[in-house]
Amino acid sequence: MQHSSAPLFPDANPTFFIPSDTVYDGSNPAREFIDKYMIQIISILLEQQPMKIGQMEKDCVEKSVRCSLQIVKDDLEARIKLDKVVLRDSSANAKNMGTKGDSPSDEDSSGERGAAVVLPPTTTLQALGHIFNKKKVYYKSTRQWSNSTMGMPEVRSHMILVFRRLRGFQALLQYLDRRAGTSSFPAMELCKDLISAVWESIPSGSSSNSSSNNNAGNSTQNGGNNHGVENQDGETNPSTHSQSSKYQAIHNESRDLAEAIMKHILLLDEITLKKMDAETIKQIRIKLYMLYNRLSGADGGSSRSGSRGSSNTDPEDPNLLKEFFTFWRSLALKLITSQSLPLKLWGWDTIVDIITESERLAPPPRAFLVKRAGTSFINGLYSFDTKRVMKNGYVRPNVELQYHRRICVDGESSATVASGGTGGGKGPVAANDAPPEGVGKTLTLFRCTMRSQHKWWFLSEADVDQPGTDKDVDYYQHKSKRDEEGLPSASGWLTCRAGADPPPTLEAVGKLVPKGEERETLEHLLARWAIENEVVELVLGDSIHREIVSRSTELIKFLAGMCDRDDDDVDEEAMTVSSDPAEGGDGGNSQNKYCLQASHLLLAWKTCTNKADAAVSAQIYQLLVSILPSLSPALAIPLIEAIRDSLETANNAGMLSSGSQQKSSGGSAGSGLDRVGSLGISASKSNLSPAVGEGNGGRGDHFFEVSEFCCAIAEKMLSENNDANNNNNNNNNNN
């Protein structure tokens with residue numbers, strides 16, 4: 001085994017070695033010494049301040065820590081051998097068929113066979129937590145009140161590397177996997193330190209690719225065609241292959257460690273979860289997220305069995321993050337289906353976080369359709385810049401989004417030009433027509449950072465030599481607010497000097513993902529998870545609670561928004577959004593089935609009419625009112641009709657006067673707004689008797705519930721009007 005040649009870390013082998021076959025011998029004095037003093041010694045050594053001790057003392061600290069790593073590794077291997085004996089004896093006692101071999105491959109590594117056997121923990125693993133804890137005084141890089149150097153964080157980084165060279169992580173993974181979901185699994189604080197350690201040890205994508213890129217360049221200069229993997233004689237470059245294997249091993253160990261910790265968390269029972277600190281689990285989840293982000297950026301887009309050294313791999317594998325989000329959703333489901341109200345509320349807060357991140361990581365649209373611009377040649381379809389797309393079909397990380405459209409000389413273009421400034425028609429320009437205005441121009445939809453650090457969107461003819469400068473010909477601009485900077489806004493555009501009124505409107509087209517992955521984004525996977533696990537029904541079920549209903553609003557809104565998602569194909573020849581099934585489209589009927597259903601809304605209303613708890617009913621009213629504006633007619637109309645049917649019950653019971661509004665025949669003839677209006681007419685009469693419905697006995701009318709729902713709508717409308725008036729007053733005062 002090779003060691004670092006840096007003077008700070010002498011290449012001395014550990015001076016204290018315990019044979020693995022005697023580590024757990026009760027009569028071994030070394031075992032007794034380790035159990036009693038090892039953690040104390042390591043803790044004292046790492047609390048030393050490097051600036052206050054000499055080089056000899058520093059060498060003592062670092063040699064002792066390296067020796068501890070060897071002890072931990074040997075102790076783990078000894079415990080693994082003992083685990084095999086325990087599991088084998090347990091299997092024999094249970095009269096299972098035969099006895100498995102002694103090799104790790106013959107043993108059950110998942111821990112499921114030995115689920116009834118609680119394997120004992122090892123005491124030395126706590127020392128590893130001290131060694132990997134970046135908060136130790138010996139590692140701290142700066143004082144809290146000064147920028148001057150205080151500690152030596154590079155020592156910690158080197159110790160992580162030493163433990164990996166000792167194959168300590170491999171032994172640790174076997175140890176963890178057999179203890180997932182049991183009390184002998186390491187504490188969460190230690191897991192947090194382990195995740196941080198492997199996260200910091202993963203090479204960055206740029207540095208890890210530099211060697212292969214340099215080799216590829218050298219081979220090209222020498223006339224070779226080996227991309228840094230083969231030399232001129234057609235033989236594999238040993239150094240490149242070795243480096244690729246090293247990177248792949250680091251990624252696999254880090255990934256396996258994350259999977260072991262996630263598996264343990266999901267196997268914990270409800271009693272254990274209630275005793276655990278929610279903030280600690282949250283911090284572990286955040287560190288796991290960071291780890292998977294690092295893995296997806298450094299994995300080269302290859303699978304575990306793939307080679308990192310190939311220059312044909314992309315620097316990102318977005319699909320790797322789906323593994324973490326699968327765990328995240330499973331954790332949320334475990335929490336919301338528990339019997340504990342605090343755990344349920346924690347789970348619903350987790351779902352809100354998942355929604356936020358899923359939406360943030362949504363792939364950008366693959367095109368934007370610009371319409372109704374006064375400058376007619378601006379109208380048309382702007383496609384995403386292909387130079388910013390990786391070979392796997394995903395957008396390159398950390399690049400600015402740009403969309404282009406070129407108007408060719410022959411009258412054709414890279415996008416459909418909407419006929420006229422109103423965008424009333426679509427279609428390619430015929431070759432025998434007069435050349436269209438703007439022929440030969442390349443138009444760009446892009447984002448530019450202004451001197452004020454605000455990011456505005458522009459529709460421009462970018463300068464060839466200096467794009468994004470004052471040399472661009474700007475036609476339209478959007479002065480985006482902070483929450484509008486990510487993607488171009490559909491409206492609110494302003495006309496620049498080169499453009500003509502009216503300004504355009506934009507419509508996003510599709511998602512920029514590989515073909516066949518349109519319904520596999522994090523948002524689609526979240527919606528599918530919610531529908532398949534009947535999460536909405538959990539909110540409105542028998543154990544309904546006011547706080548749960550309140551926290552579920554974000555999920556209900558999210559699912560309502562997924563109903564309007566479509567992934568229509570773009571007909572590249574005609575440059576229009578295809579709606580004909582014969583042309584590869586879906587006839588405009590690509591509604592995502594994993595979204596909010598009318599049955600969910602009807603269940604919510606039924607819960608209101610059946611629930612005696614006024615606080616719960618009031619919370620459901622607020623929920624329905626908050627999502628009502630965003631509902632499609634397919635969802636809003638059944639809800640409104642159900643509410644009117646409830647009002648009809650009161651009419652039939654004689655609770656209303658003969659002049660009350662009756663439900664019109666042929667309910668499908670009117671629009672959703674008509675139904676809302678007629679409901680409002682009936683609701684206005686609720687003011688005459690606000691307490692009607694209370695104490696009605698078995699009459700079964702729901703006039704009180706309808707009136708309460710309408711009151712909630714009125715309160716929301718009043719609140720929105722007040723907010724609008726306040727904004728207008730503020731604008732007038734500013735002017």
Side-chain angles (χ1 to χ4, degrees), residues 1-20 23 28-76 122-169 171-172 186-187 189-190 192-204 207 246 250:
M1 181 179 66
Q2 297 180 353
H3 297 272
S4 173
S5 59
L8 183 61
F9 310 111
D11 296 336
N13 291 326
T15 57
F16 185 37
F17 177 75
I18 303 176
S20 60
V23 168
N28 187 357
R31 175 82 256 170
E32 297 177 2
F33 179 83
I34 289 175
D35 292 340
K36 191 172 183 180
Y37 298 111
M38 180 179 177
I39 296 176
Q40 298 180 36
I41 293 173
I42 293 300
S43 178
I44 293 173
L45 290 175
L46 294 179
E47 290 300 325
Q48 304 303 309
Q49 298 184 22
M51 304 304 296
K52 295 184 178 181
I53 59 177
Q55 186 61 44
M56 184 178 66
E57 288 79 7
K58 293 179 184 178
D59 292 341
C60 177
V61 172
E62 292 157 19
K63 287 180 181 180
S64 299
V65 172
R66 284 202 305 276
C67 176
S68 300
L69 292 176
Q70 180 71 56
I71 294 174
V72 172
K73 179 254 185 183
D74 292 340
D75 199 18
L76 287 172
T122 176
T123 57
T124 58
L125 200 56
Q126 298 181 31
L128 196 64
H130 287 275
I131 297 173
F132 287 168
N133 188 350
K134 64 172 61 179
K135 295 182 180 180
K136 290 296 181 180
V137 175
Y138 198 85
Y139 300 145
K140 285 184 178 180
S141 58
T142 58
R143 298 183 178 93
Q144 294 181 353
W145 61 89
S146 172
N147 292 328
S148 60
T149 303
M150 177 181 175
M152 302 176 68
E154 65 274 12
V155 174
R156 175 176 173 272
S157 300
H158 182 76
M159 295 306 165
I160 297 172
L161 178 61
V162 168
F163 192 66
R164 175 167 280 119
R165 288 175 176 174
L166 293 173
R167 301 183 183 275
F169 281 109
L172 177 62
E189 287 294 334
L190 174 56
K192 190 165 59 174
D193 292 331
L194 293 175
I195 298 172
S196 296
V198 297
W199 175 79
E200 294 178 18
S201 66
I202 299 175
S204 62
S207 62
K246 172 185 174 183
I250 292 175

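Index from 1, following the sequence.
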- prompt: Which heavy-atom pair separates Lys58 from Ile53 by the least distance, and what is that distance?
  reply: CE-O, 3.7 Å
message: Could you measure the distance from the CG atom of Leu166 to the CD atom of Gln70? Nearest 0.5 Å is fine.
response: 5.0 Å
task: For the pair Gln40 (side chain) and Tyr37 (backbone), establish whether a donor and an acceptor sit closer than 3.5 Å, ignoring hydrogens and angles.
output: no
- request: Using the side chain to side chain contact (heavy atoms under 4.5 Å, CB included) rule, take Ile34 and Arg31 through it: C-alpha gap first, then chi angles, then the decisive distance, then the call.
  value: CA-CA 5 Å; Ile34 289 175; Arg31 175 82 256 170; 3.9 Å; yes
field: Side-chain heavy-atom pair Lys134, Glu200 within 4.5 angstrom cut-off
entry: yes
- request: Could you give me the CA-CA distance, side-chain angles and deciding distance for Lys36 and Thr123, then say whether side chain to side chain contact (heavy atoms under 4.5 Å, CB included) is met?
  value: CA-CA 9 Å; Lys36 191 172 183 180; Thr123 57; over 6 Å; no
field: Steps toward side chain to side chain contact (heavy atoms under 4.5 Å, CB included) verdict (Leu194, Leu128)
entry: CA-CA 8 Å; Leu194 293 175; Leu128 196 64; 3.9 Å; yes
message: Between Tyr138 and Arg156, is there a side-chain heavy-atom distance shorter than 4.5 Å?
response: no
query: To the nearest 0.5 Å, how far apart are CE in Met159 and OG in Ser201?
result: 15.0 Å
- line: Scanning both residues in full, the closest heavy-atom pair of Leu125 with Pro186 reads CD2-CG, 3.5 Å
Donor-acceptor pair, side chain of Tyr139 and main chain of Ile131, under 3.5 angstrom: yes
- request: Could you grab the distance from atom CD of Glu47 to atom NE2 of His130, nearest 0.5 Å is fine?
  value: 9.0 Å
- line: Of all heavy-atom pairs linking Phe132 and Asp193, the shortest is CB-O, 4.2 Å
- line: Value for CD1 (Ile42) from SG (Cys67), rounded to nearest 0.5 Å, stands at 8.0 Å
message: How long is the straight-line distance from CG of Leu45 back to NZ of Lys63, given to the nearest 0.5 Å?
response: 13.5 Å
- request: Mind listing the closest non-hydrogen atom pair of Leu76 and Ala171 along with its distance?
  value: CB-CB, 4.0 Å
- request: Could you tell me whether Asp59 and Arg66 make a salt bridge, using a distance below 4.0 angstrom between a side-chain N and a carboxylate O?
  value: no
query: How far apart are the closest heavy atoms of Lys136 and Leu46, and which atoms are they?
result: CB-O, 3.7 Å
Gap separating the NZ atom of Lys192 from the CD1 atom of Ile195, nearest 0.5 angstrom: 9.5 Å
- prompt: Heavy atoms, side chains only, cut-off 4.5 Å: are Val162 and Lys73 in contact?
  reply: no
- line: Closest non-hydrogen contact found for Gly151 with Pro50 is CA-CG, 4.0 Å
